[in-house]
Amino acid sequence: MLQNDLLLRTLRGEKTERTPVWMMRQAGRYLPEYIAIRNKYGFFERCQTPELACAITIQPVDIVGVDAAILFSDILVVPQAMGLEVQLKENVGPLLPNPIKTVADLARVRVPDVDETLGYVFDAIKLIKQELNDRVPLIGFAGAPWTLLCYMVQGKGSKTFDEAKAFCYAQPELAHQLLQMITDTTIAYLKGQIKAGADTLQLFDSWGGLLSPADFEVLSLQYIRQIVAAVKDEVPTIIFAKGAWHSLDKMAATGAAGLGIDWCIPANMARQFAGNDIALQGNFDPAKLLSPIPVIEKEVREMLTAFGPNRHIANLGHGILPNVPVDHARAFVNAVKEFRFEH
Ligand code: 1CP
């Protein structure tokens, strides 16, 4: 039995004594304890060594007091398992030196056996569950197919992912073959995470907002729908499609238990679009954590009031920035934990 199951109860639509809180990308570069590990081991070495992934995953639970742990890994381990080379350049970001551009390139990727290629993630999850010792739930995750295609085709980070979009619009059949292969891999991968002990799952569609509503349906949502359908009866699933507020209604209809939202949509509008039967997660502007602490505390109270006491998970609207002071992150978490709604 979990000692703190606020997140899971909120995802089930139950009333809770307070709003649960965690932060996207909470295991990472703003923590000196993470930097200490980073200075000794390469990025994928950290992901592939269960003891390291476990230590990093638990750091924010101990240091900032969040109500959930999120597996330390990266969305790009899936393209790697599918056969693409993925490098992480220090302070630059991901680099895929041989991206997918043609039919011949597509022949280089496969739907892998996830136990063989991603078994280290399942081992990490088992170890994390053991070390967490039921203190808080563990969130597993994967990138949504569209966002993974962005990196697999563009070959690196981008503000527009113009080459990835051009690939989809110029060679739609190829794009859909790739999206389906990513989807099939992701379903097997997430089922493996559940089997290993993940309590809930989040799908990160970080670049969903780059698509028009119609293209979001075709290139992203139809694949997300398959993934949610495959896992939703086993664990509650959260979809975070940054910028895709126009499709909150359709995302709610997938059977997901929660929807992540960014700071560009007000709480009442998100609730109106998503309906009342789903949890909303968000949506503090991550850059606001650079404000003075009293401002953070005031704005957290405003955020909590705007979402109200039911079906809300406090979070940032995107990942925490590396230059956020740890005491500001802690102030964010504590402000949520101290807040109570009037009865
Ligand atoms: O050495 C380092 O510290 C590199 C920084 C880093 C970290 C800490 C990367 C490279 N990945 C991660 C871990 C990570 N990535 C987690 C672990 C859990 C946590 O930190 O709490 C998670 C959930 C991710 C997910 C991820 N990776 C996303 C989706 C979420 C988001 O922020 O939009 C994306 C887009 C990536 C790709 C990626 N990996 C790393 C970086 C710097 C990026 C973004 C590159 C870009 O901007 O395009």
Side-chain angles (χ1 to χ4, degrees), residues 1-26 57 60-61 64-71 129 132 134-141 190 193-194 197-204 228 231-241 245 248-249 251-263 265-284 299-318 320 329 332-343:
M1 261 279 286
L2 284 166
Q3 289 156 34
N4 175 348
D5 62 352
L6 288 168
L7 174 71
L8 301 181
R9 279 156 58 205
T10 301
L11 286 169
R12 289 196 297 258
E14 294 169 19
K15 284 204 187 315
T16 52
E17 47 286 16
R18 67 167 174 84
T19 302
V21 56
W22 67 281
M23 293 180 296
M24 285 191 276
R25 308 292 292 270
Q26 67 189 13
T57 298
V61 178
V64 289
V66 282
D67 292 314
I70 178 161
L71 166 71
K129 282 297 289 178
L132 275 175
D134 284 336
R135 279 186 287 162
V136 292
L138 176 63
I139 305 167
F141 72 90
L190 291 176
Q193 292 191 26
I194 297 170
D199 297 294
T200 171
L201 299 170
Q202 175 154 317
L203 275 177
F204 284 96
V228 175
V231 296
K232 73 177 174 54
D233 293 336
E234 295 177 64
V235 293
T237 307
I238 303 167
I239 306 170
F240 171 62
W245 50 268
L248 284 171
D249 55 343
M251 288 189 264
T254 61
L259 298 178
I261 56 174
D262 64 43
W263 58 96
I265 177 166
N268 62 344
M269 207 181 267
R271 180 51 78 197
Q272 196 186 325
F273 290 168
N276 290 324
D277 294 336
I278 193 157
L280 293 177
Q281 174 175 278
N283 71 340
F284 206 78
E299 298 222 3
V300 165
R301 291 192 293 269
E302 287 169 7
M303 171 181 74
L304 294 170
T305 306
F307 280 95
N310 300 317
R311 293 193 193 251
H312 178 226
I313 300 157
N315 204 317
L316 308 175
H318 201 183
I320 188 167
F332 172 78
V333 170
N334 283 339
V336 177
K337 288 169 129 181
E338 282 156 18
F339 186 86
R340 291 292 179 277
F341 288 94
E342 308 280 338
H343 287 292

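Please read all numbers here as calculations on a predicted model, not as lab measurements.
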Test log, rule side chain to side chain contact (heavy atoms under 4.5 Å, CB included), inputs Leu7 and Asp199 | CA-CA 10 Å; Leu7 174 71; Asp199 297 294; over 6 Å; no
After noting the C-alpha distance and the side-chain angles of Ile313 and Leu11, does the key distance pass the side chain to side chain contact (heavy atoms under 4.5 Å, CB included) rule?
-> CA-CA 8 Å; Ile313 300 157; Leu11 286 169; 3.7 Å; yes
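Between Met269 and Trp245, the closest side-chain pair of non-hydrogen atoms is not below 4.5 Å. You'll find the side chain of Ile265 reaches within 4.5 Å of the side chain of Phe273, heavy atoms only. With a 4.5 Å cut-off on side-chain heavy atoms, Lys15 and Asn310 count as touching. Under the 4.5 Å side-chain criterion, counting only non-hydrogen atoms from C-beta, Arg271 is in contact with Ile278. Taking 4.5 Å as the limit, every side-chain heavy atom of Met251 sits out of range of all side-chain heavy atoms of Leu203. Residues Leu71 and Phe141 are in side-chain contact: their nearest non-hydrogen atoms beyond the backbone lie under 4.5 Å apart. In this structure, Leu6 and Glu17 have side chains that are in contact, with non-hydrogen atoms separated by less than 4.5 Å.
One distance of note links CH2 of Trp263 with CG of Leu316; it measures 9.0 Å at 0.5 Å rounding. With rounding to the nearest 0.5 angstrom, the CG atom of Leu259 is 11.0 Å from the CZ atom of Arg311. Atom CG of Asp5 is separated from atom OG1 of Thr200 by 12.5 Å, given to the nearest 0.5 angstrom. With values rounded to the nearest 0.5 angstrom, Asp134 atom CG is found 9.0 Å from Met1 atom CE. Here OG1 of Thr19 is found 12.5 Å from CG of Asn315. Values are rounded to the nearest 0.5 Å. Remark: Gln272 CD to Asp249 CG distance equals 11.0 Å, nearest 0.5 Å.
Proximity of a side-chain donor or acceptor of Asp67 to a complementary backbone N or O of Val21 within less than 3.5 Å is detected. In this structure, the side chain of Thr237 does not engage the main chain of Leu201 through any donor-acceptor pair within 3.5 Å. Using a distance-only test at 3.5 Å, with no hydrogens or angles considered, no donor-acceptor pair links the side chain of Asn283 to the main chain of Ala267. The main-chain N or O of Gly282 is found under 3.5 Å from a side-chain atom of His312 such that the two form a donor-acceptor pair. Proximity of a side-chain donor or acceptor of Gln26 to a complementary backbone N or O of Ile320 within less than 3.5 Å is not detected. Of the possible donor and acceptor atoms, none in the side chain of Arg9 sits under 3.5 Å from a partner among the backbone N and O of Gly13.
Classified by interplanar angle (parallel below 30°, tilted 30° to 60°, perpendicular above 60°), the ring pair Phe284/Phe332 is tilted.
Val336 and Leu304 make their closest contact through CA-CD1, 3.9 Å (heavy atoms, listed as atom of the first residue, atom of the second, distance). Here the closest heavy-atom approach between residue Leu138 and residue Ile70 is recorded as CD1-C, 4.2 Å. Met23 approaches Val66 most closely through the heavy-atom pair N-CG1, 4.3 Å. Of all heavy-atom pairs spanning Ala279 and Thr10, the tightest one is CB-O, 4.0 Å. Arg18 approaches Phe339 most closely through the heavy-atom pair CB-O, 4.3 Å. Scanning all heavy atoms of the two residues, the minimum distance from Val61 to Ala68 falls at CG2-O, 4.3 Å.
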